[in-house]
Amino acid sequence: MRITRAQFAFALALTSAVAAQGPDPVGAAPDFARDVWPILDARCVSCHGPQKNGREPKGGLRLDGIDWIRAGGDGGAVVTARDPDDSPLYTLTLLDGDDPDIMPAKGAPLTDAQRATLRAWIEAGASFGSWTGSGGPADIEAAAAAPVPPHRQHWQELAHGLEPLPASKLEAWRKVATIRPVLPDLPLLRVSFRAREGGVDAALLRRLGELDQHAVELDVSRVELPAGALTNLGSWPRLEHLSLANGSFRKGLPQATALPRLRSLNLFGTGVGSAILEELERFPDLEVVYLGGTAIPADMLREWAAARPGLRVVGAADLPPAEPAEAPWAGRRR
Amino acid sequence: MSRSRTRSQARSRASSHVRLRADDVSRRAFVRGAASGLLGVAAAGALPAANARAASLTGAPRRGAAQRVIFLYMSGGMSHLDTLDPKPGAETQGPTTAIDTNVDGIQLSQHFPLLAQSMDKVALVRTLQSTQGAHAQGRYFLHTSYELRGTIRHPSMGAWLSALREPENPTLPGHVSVGGDIYSAQGGFLSSRHYPLPIGDPDAGLQDAYRPKTVSDERFHRRWERLQGMNEEFARTIGTPSVAAYGEAYDQALALMESADLEAFDLSREDEAVRDAYGRSRFGQGCLLARRLAERGVGFIEVVSGGWDTHNDNFESMEDLCPPVDRGLTCLLRDLEARGLLRDTLVVLATEFGRTPDIVEARSGRNHYPKAFSGLLAGGGIRGGQAWGRTDDEGREVLENPVRLQDFSATIAYALGLDPEREHFSPSGRPFQVANKGRPVLGLFA
Amino acid sequence: MNPITTLIGTAALAAVQAATWLAPDAAASKRSPTFDPVRGATDVAGAAARIDELLEAHWSAQGLRGGDIVDDHAFARRAHLHLAGRVPTVEELRAFVADRNRDKRPELIATLVRSPAHQSRMYAFWADLLRVVDRLGNQVSGAPYEHFVKQALADNMPYDAFVRELLSAEGPAMQRGNGATGYLMRDRGMPEDNMANTMRVFLGTRIECAQCHNHPFDHWTQQDFVRLVAFQGGVQYVHGDARARGRELIQAGRALRDQNQQAYRIFRGLTRGMAAGISGSGTGLARLPKDYAYEDARPNAILTAEAPFGPAPELDIAVPAERPARRGRRRSANRGRNRDNFPEADSRSAFAAWVSSAENDRFAQVIANRLWKLVMGRGLIEPVDDIRDDTLAADPELMAFLTQLVVDSGFDLRFVLEAICSTTAWQREAQAEPAPGVAAIPTGPIIQRMTAEQAWDSLLVLRIGDADGTLTAPGFDAEAIYEQYDRVAQMSVDDILAEARSGRRIRPQNPRLAQRQKLREEARALGRQLAQARRQRDAERTAALREQIDALRQQLSAGGGLVRASELPNPAPDGHFLRNFGQSDRQQIEASSREANVPQALNLMNGLVDEAMAKGSAIQSALGALDQPAAKITHAFEAILGRPPTSRERREWLSDVRRFGDEAITDLVWVLLQTHEFLFIG
């Protein structure tokens, strides 16, 4: 994949604009996939899309994928988030029917409603939602470029502005933990102590804060933590998944710990009781919580889960009873 | 592959009046994406799915949700019709019947009643295709994505993973095969460090992992030093790769002996009820062992279920073969899910080929059939509750979305974040890819 | 000119001619009319000298020189491991070294290849190639097949006759003398796979690709393959007698199944294995698959048997006219293989004769190359089983000579092996395995890790001393099977039904199970004595008894006991030492492996070696009988590594003995067994 410096800068500008303004109010803005894409697909992509026989799309611009749109064309960016009047994708549709630059160049101009949709979408921040379309500015000769799946977009946004962890620190941490990038080219990290015999001692815990900006996942399962270890972990602005499973963790989530993006919390096999349930309310974005093998009574857990349809509550495994002894295969070893 | 995007290029809008159609497949994909968008259905799942098949992977993102793989290998060629792709009512079905699952519109054979209740976690792949119709070749191809050759041995996915990625657990072997043989998981031309650690009987665990009590630490290390001295001397005079491999094996063995994680291999540490639930078959206990190893960060664990070569008495055999797999697999999925491990552990069930839809009446058997057969994936970023691809009403031909075995392997690689396109070089300097240029089936991912 | 030089001269002449036969077009001039093959050659020394001559010429052309000649210790170890499949005992080693006879090396070779130990060693080689297993299927014992292979080795059966038997055997698989049927039974229901295996094992030809499509690299077509399969056309995996009364038995069985499940199970047990066997002399016809994709023939067309190379077998078979297909029976052709009921045409024996013919020079070449590889470590042609028309041996002249030697000797493989091991080349220093792509023949045998069987049998020598004493006569395991077969074959269907209804399972008594039973009873008796000794507080007796019991238990737990590998189950059970060290699972041809892995290291460090060698082992008692530490050290080195210690090694261990006493000797045994030097054959 080759992206010019200018295109890359633009992509950054776009994402930063989105990130700076925060999420859009629900319902107000047009949804790209639902409202905007049908317009582009019907009126633009035949010229500004993948071309046969290795031809360039018109103006070096493709509009059939998120990265393409962000990359712009030969003339530079075509969308500036929140500024429709500086977005050729919109402004060129406003030109007179006989203007040589009007878009679409072929067929009737866009309807007013279609123009309005484009404008509103850009105004609202030009978010693509979960849409990725096809590929990015990859190889045209390969005809179809790879898609950017939602998770990548998500992590790109999450990683925005984040410098990679200095190599020396990364090396040092690799000695005591398994540290893997979420995606090879992003600075976000999965951090796991799960399979490290050394575990996490107090000294290590004090230094754990070095990873607080980069960790998207923190796995301290199967680890004996020093007493009170988790009372002050500090702020982990990007942490989405935390696993304390099978550890010595007993009660009380880290109080002074800010985990604003926590989506998944694994407390399987810990000593937590039903008091934990109340604490979970602190994490509004929580999507899944694992509470099997804890001291919480199963029926209480069921009841609690039933009242929270947006949250996936995973209890103990529903394992089948032993096979009947007279089963024809029982005792036979395959 | 570099594309010229220079500004000096002519950009006359007027010059082109030829409408160039978008690539057909991706176009259809957009339309479908758009349509589902209009209907208010989330387009996220469908879109990359269909695109992927046409897409070049150059510069594509890596999914990489899976941190480890449990690979359940049905050795001998599992009959697709009698397991994951039943065709109720078809002449080719024989006496096997189909049952509903907890996912609307997806049926399994009667032999998988437990899995049927966990179908929402599973993505069936019903259109696997192999080019190899004999066992040795088929197994080899399934595991390595390359054809069996007399001249080179290719690594299987577990060995690639071990070689290409730093292990989660630095002490335990990164690659374990329970009940495997040399035609299942294998190290190929990679260093013996990446060869699978074979476990014959999961009940017996890892044999001889403990030093006899009569030998003290001090004495053991005295022995070890003397041994190193003699071996170094020998390797100096006759330094061949196979001798060096023994040096490595001894070093690894020592590290393992001194590891607390050894208990992973000891199934007696599990509740009896859990062991019963997984089934007291070798395969069931193998699945339980796989879970224990996955929990401790072993990267690739293969568990083999043998005896699927049902040339004779196919239908009678299913009653023996399927229940342990149904039980072992389903328990594994549910157990991993409860422990929060299914999100980053990919569970695969695969076989070297299917079996002929035509029943050999004289033997009530089915023969080898590489043209269309089934496997499944779950966890590790896979979207459960789907059946990928479709075969015809008699289970003979692939009707849509064929998945060649190298594509299937590429899908596993992709889930792990390995680049299926990247070339790696064997010691003899030949380039190989982890899945022999297979293309991941992105539609299987959530 | 003495007769020996005449032989060698003639053979050399043949070799030059044979070298040109490798070219595909020279088929017409296969044999020079002046050449008179001397069958039953016995002159080992002459053949060895000629091999040396050819090798020296090869090396000098490559700018190489043969390595140094190894000393007697190294030679004895090499010869014993390669030919007897185990390390020499200290006594054997010392006797050989002390021998003043100038010809003692060829004499040792001659003795070893005629020993039962050699049969055991070669059994491992053949069992790997022929995939010998204890069970050929449900209720079908593999013991008769194993018996056939072992008997052939014991009798030094000519190789061509051996292969003819395997390929053309007919009759009940469980009947005495019919063990060769195991070769086809091994791939029951899969005549195509069997044919691919046959081509690979005996003719070094990989044709399995053509099973489903034309070979991508070689010239084999799918038609070639089907024409080969046609030779074994019409083969059934039930013997003729069983077919005759099969219907009656099936009906009786069905009736019984509905009445009495348990009796039915016994009935099946009695009848299933009974029916196993091979019938059909070969129809010489086979059908193309119905999805045959090439233009040159119709799918499902009937083809006649035809050999893809070599002299054409004598067969006269016409393609029968197709009966018009009946409606609604579209798929019948592929259902039962014998639906067609083509007439018998003796095509199987014609095929066997073609494969094993002296005129089919790939047959002799393949086995010559395999034997060369067995003791030299690398074939003159590699891989040994993917030979193509344009394949060139590392030294074509040498290859041709060896090939001719196989033919001239009357396919006496023992003779050929003896000749190769009697060369000067085989006495040279071991060489590292050459890098892939290096064409030159190494200047000495290649250093190889012991096979699983060699490692096990060597440890057995140290453990019990007389390892070869555990060898049984061929057929030891099969006797009971034959008896059972003979008994049931005489019974009428009514007799069988009556026995089934009686509810008594009369099973053939496996002699090894009986042995184990005896050991178990012995252990139990000792246990009672132990309890008594404890009550009497007789510490000495208690300790002695405990040791005896431990030894028995170990023997019981060693998966069939402390016997040579060839006496253990085929293959050894999962997790057995043999399997850990790469014994083939016998599922695939030559699936054995010599790769290092962690369990092997664990096994050697913590398992078998430590405890077993420490307590009551032959090596421990031998060491215990020696007084001087220096003598103990020398003995341990000689027993395990086949050489005395260097002066530095002796010094180091003497100092350990001074510091730690006898513990150091146990440590020494442990360390020596872990060394690369022990596990590798130099």
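Proteins get letters first, then strands, A, B, ... in listed order; numbering begins at 1 in each. The structure displayed is predicted, hence computed values, not measured ones.
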Considering non-hydrogen atoms only, spot the tightest contact between [X] and [Y] and give its length.
X        : Y        : value
C/Ala432 : B/Thr240 : CB-CG2, 3.4 Å
C/His676 : B/Asn231 : N-OD1, 2.9 Å
C/Val671 : B/Arg223 : CG2-O, 3.6 Å

Open item on the list: Using only non-hydrogen atoms and a strict under-4.5 angstrom cutoff, which residues of residues 169-178 of chain B touch chain C?
Closed with: none

Ring pair (Phe, Tyr, Trp, His ring centres under 6.0 Å) against [X], all qualifying residues, sequence neighbours excluded:
X        : result
B/Phe265 : none
B/Phe234 : none
B/His368 : B/His135, B/His311, B/Phe353

Is [Y] close to [X] at the side-chain level, that is, under 4.5 Å between some pair of heavy atoms?
X        : Y        : result
C/Asn597 : B/Gln252 : no
B/Arg222 : C/Phe660 : yes
C/Glu433 : B/Ser242 : yes
B/Trp224 : C/Met605 : yes
C/Thr666 : B/Arg219 : yes
B/Asp208 : C/Pro599 : no

What distance separates [X] [atom1] from [Y] [atom2], expressed to the nearest 0.5 Å?
X        : Y        : atom1 : atom2 : answer
C/Asp193 : B/Asp309 : CG    : CG    : 8.5 Å
B/Tyr246 : C/Gln674 : OH    : CD    : 12.0 Å
B/Asp201 : C/His576 : CG    : NE2   : 14.5 Å

Please classify the contact of [X] with chain B as side chain, backbone, both or neither, using a heavy-atom distance under 4.5 Å.
X        : answer
C/Leu641 : side chain
C/Glu663 : both
C/Leu679 : side chain
C/Glu652 : both
C/Asp667 : both

Open item on the list: Out of B/Ala209, B/Ala235, B/Gly365, B/Gly229, return the one with the most heavy atom pairs under 4.5 angstrom to chain C.
Closed with: B/Ala209

Task: Residues C/Arg268, B/Glu316; criterion salt bridge (Lys or Arg N to Asp or Glu O under 4.0 Å); working and verdict - done: CA-CA 15 Å; C/Arg268 288 234 305 198; B/Glu316 212 177 293; 3.8 Å; yes

Open item on the list: At a 4.5 Å cut-off on heavy atoms, which part of B/Asn312 comes close to chain C: side chain, backbone, both, or neither?
Closed with: side chain

Open item on the list: For B/Ile199, which atoms come within 4.5 Å of any heavy atom of chain C: side chain, backbone, both, or neither?
Closed with: neither

Open item on the list: Check this for me: does any side-chain nitrogen of one of B/Glu147 and C/Arg206 sit under 4.0 Å from a carboxylate oxygen of the other?
Closed with: no

Open item on the list: Could you tell me if B/Arg226 sits above the aromatic ring of C/Trp670, with its cationic atom closer than 6.0 Å to the ring centre and no more than 45 degrees from the axis?
Closed with: no

Task: Greater than 12 external heavy atoms within 6.0 Å of B/Glu258's CD - done: yes

TODO: Take C/Lys290 and B/Asp358 through the test side chain to side chain contact (heavy atoms under 4.5 Å, CB included) and record every step on the way to the result.
DONE: CA-CA 12 Å; C/Lys290 74 174 200 287; B/Asp358 288 328; 3.2 Å; yes

Task: Closest-packed option against chain B by number of heavy-atom pairs under 4.5 Å, given C/Asn580, C/Asp656, C/Leu668, C/Leu672 - done: C/Asp656

